[in-house]
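Heads up: the structure comes next, in structure tokens.
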There are 2 protein chains.
Amino acid sequence: MPELKRSRRTQAERTRASREKIIQAAIEFFARQGFRGAKMADIARAAGLSEPGLLHHFPSKTHLLMGVLEERDRIDSERLRATLQQEGSHFLDALTKLVEHNETVPGLVQLFTILAAESVSAEHPAHEFFIGRYQREREHMTESIAQAQQAGEIRADLPAETLTALLFAMMDGLQVQWLLEPEKISMASLFRAMADLLKAGIRE
Amino acid sequence: MPELKRSRRTQAERTRASREKIIQAAIEFFARQGFRGAKMADIARAAGLSEPGLLHHFPSKTHLLMGVLEERDRIDSERLRATLQQEGSHFLDALTKLVEHNETVPGLVQLFTILAAESVSAEHPAHEFFIGRYQREREHMTESIAQAQQAGEIRADLPAETLTALLFAMMDGLQVQWLLEPEKISMASLFRAMADLLKAGIRE
DNA sequence: GTCTATACCCTGATAGAC
DNA sequence: GTCTATCAGGGTATAGAC
């Protein structure tokens with residue numbers, strides 16, 4: 001039954017396409033108004049369907065949030081991982097390139113800035129998610145930094161764990177100032193200044 | 001008319017006391033759930049009055065938010081100012097002391113972390129407030145840093161404006177990681193590591 | 001200055017048809 | 001998989017008495 005098979009595949013593709021549109025719309029509104037401020041009706045409309053239509057794919061607002069976070073986190077983690085493991089170039093230069101890339105996707109930066117801050121509250125649905133995310137990413141970066149220290153690329157007078165926490169904090173903190181005043185604050189060049197401070201052999 | 005006068009003063013004192021209780025309660029709930037998540041009913045109950053009782057003092061939720069921000073900003077800016085202008089001790093040590101102090105008031109740190117992140121959205125009622133706040137505070141800190149550079153306390157191979165943005169970003173970013181895992185992340189000692197990087201004459 | 005009562009809108013979610 | 005219709009509950013704010 002070729003018809004049946006094609007019909008099934010078309011259905012599945014439609015489902016995937018709908019989910020994709022919903023995720024995109026949800027990113028937009030979660031980024032603009034946070035989890036609590038975003039309205040399911042707006043997201044549904046932007047995705048081109050009704051509210052119950054949306055709820056068919058994500059049975060609750062929290063499910064939708066987790067869907068967005070898992071989807072985006074998968075992509076972004078992969079990018080970070082690739083950056084950290086980049087061969088041939090200086091580790092801190094690769095990280096600076098990541099910050100440069102972030103300047104081209106303000107919506108995604110705003111999504112994670114707002115949701116991460118909201119999530120520090122223990123009652124936020126993404127609280128555990130962000131704790132796990134930071135733990136995971138810090139672990140990976142610490143490995144890369146330790147290697148770069150042994151290779152003599154990064155100053156070795158500070159533990160790799162410390163440098164990791166500082167670098168993530170710098171990225172997160174610069175994002176807030178940049179999102180508030182993108183014309184005034186150059187996230188990438190400020191981060192580059194920080195990176196230079198951490199390179200081995202720098203003298204004033 | 002001594003009675004009338006005393007009665008008037010008592011009224012005014014009661015008003016001040018009510019406003020103070022409301023502000024305290026609002027800090028608690030804005031810190032826990034952000035502006036959009038916090039409920040006027042909860043704040044009113046925690047302040048010991050009804051919802052219309054609260055609205056007598058702050059005619060809308062936005063007015064209440066601005067009341068909280070102006071009140072806390074006044075106190076915190078003063079503390080930062082005093083820190084920046086502290087004589088006799090190293091500028092960066094004074095700043096580290098401020099971070100140490102922040103570790104004793106997690107509620108206030110969470111208030112500003114969540115509200116600052118929420119406010120990057122142009123439609124947030126505190127958007128302009130936080131833009132102005134960062135501009136103001138960066139200006140003051142830049143002055144202090146330039147002086148410390150001339151005094152030979154801070155490395156002078158970076159512009160004071162750059163160092164200012166980096167220091168604020170570091171404070172903000174560390175707060176997120178610390179609020180998520182206060183037992184694991186020591187905000188003050190991580191900030192001290194950053195401060196040491198910026199002291200003049202440091203060698204690896 | 002504070003209350004009770006209430007208007008009125010919004011919001012996430014469900015029921016059930018197609 | 002998507003819709004229309006609808007619900008129950010929560011949300012800010014107002015009216016008017018005390």
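Here is how names work: the chains are called A, B, and so on, in the same order as the sequence lines, proteins then strands, and each is numbered from 1.
The separation between B:I43 atom CD1 and D:dA13 atom C1' is 14 Å, rounded to whole Å. Between B:K39 atom NZ and D:dG9 atom P the separation is 14 Å, expressed in whole Å. Between the CZ atom of A:F58 and the C1' atom of C:dT11 there is a distance of 19 Å, given to the nearest Å. Taking atom NZ of residue B:K21 and atom C1' of nucleotide C:dT2, one finds them 13 Å apart after rounding to whole Å. The separation between A:R36 atom CZ and D:dG10 atom P is 16 Å, rounded to whole Å. Atoms NE2 (A:H63) and C1' (C:dG12) sit 14 Å apart, rounded to a whole Å. The distance between atom CZ of A:R45 and atom C1' of D:dT2, rounded to the nearest whole Å, is 17 Å.
Under 4.0 Å is where a charged nitrogen must lie from a carboxylate oxygen, and between B:E28 and B:R32 at least one such pair does. Under 4.0 Å is where a charged nitrogen must lie from a carboxylate oxygen, and between A:D73 and A:R136 at least one such pair does.
Residue-level contact check: B:A38 touches the backbone only, with heavy atoms under 4.0 Å from sugar-phosphate atoms and none from bases.
Screening A:E128, A:R133, A:H124 for a side-chain contact (heavy atoms from CB on, under 4.5 Å) involving A:S119 leaves a single residue, A:H124.
A:S50 has a side-chain polar atom (N or O) that falls below the 4.0 Å cut-off from OP1 or OP2 of D:dC3. Here B:H56 does not reach the OP1 or OP2 of D:dT14: none of its side-chain N or O atoms lies under 4.0 Å away.
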Mark up nucleotides 13-18 of chain C, 5' to 3', with B wherever a protein heavy atom is under 4.0 angstrom from a base atom, S wherever such an atom reaches only the sugar-phosphate, and - elsewhere.
-> BBB---
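Residues meeting the side chain to side chain contact (heavy atoms under 4.5 Å, CB included) test with A:L55, sequence neighbours left out: A:M40.
Crowding of A:Q135 atom CD: a count of heavy atoms from other residues, nucleotides or ligands under 6.0 Å exceeding 12.
Remark: the backbone N or O of B:F35 is paired with a side-chain donor or acceptor of B:E118 at under 3.5 angstrom.
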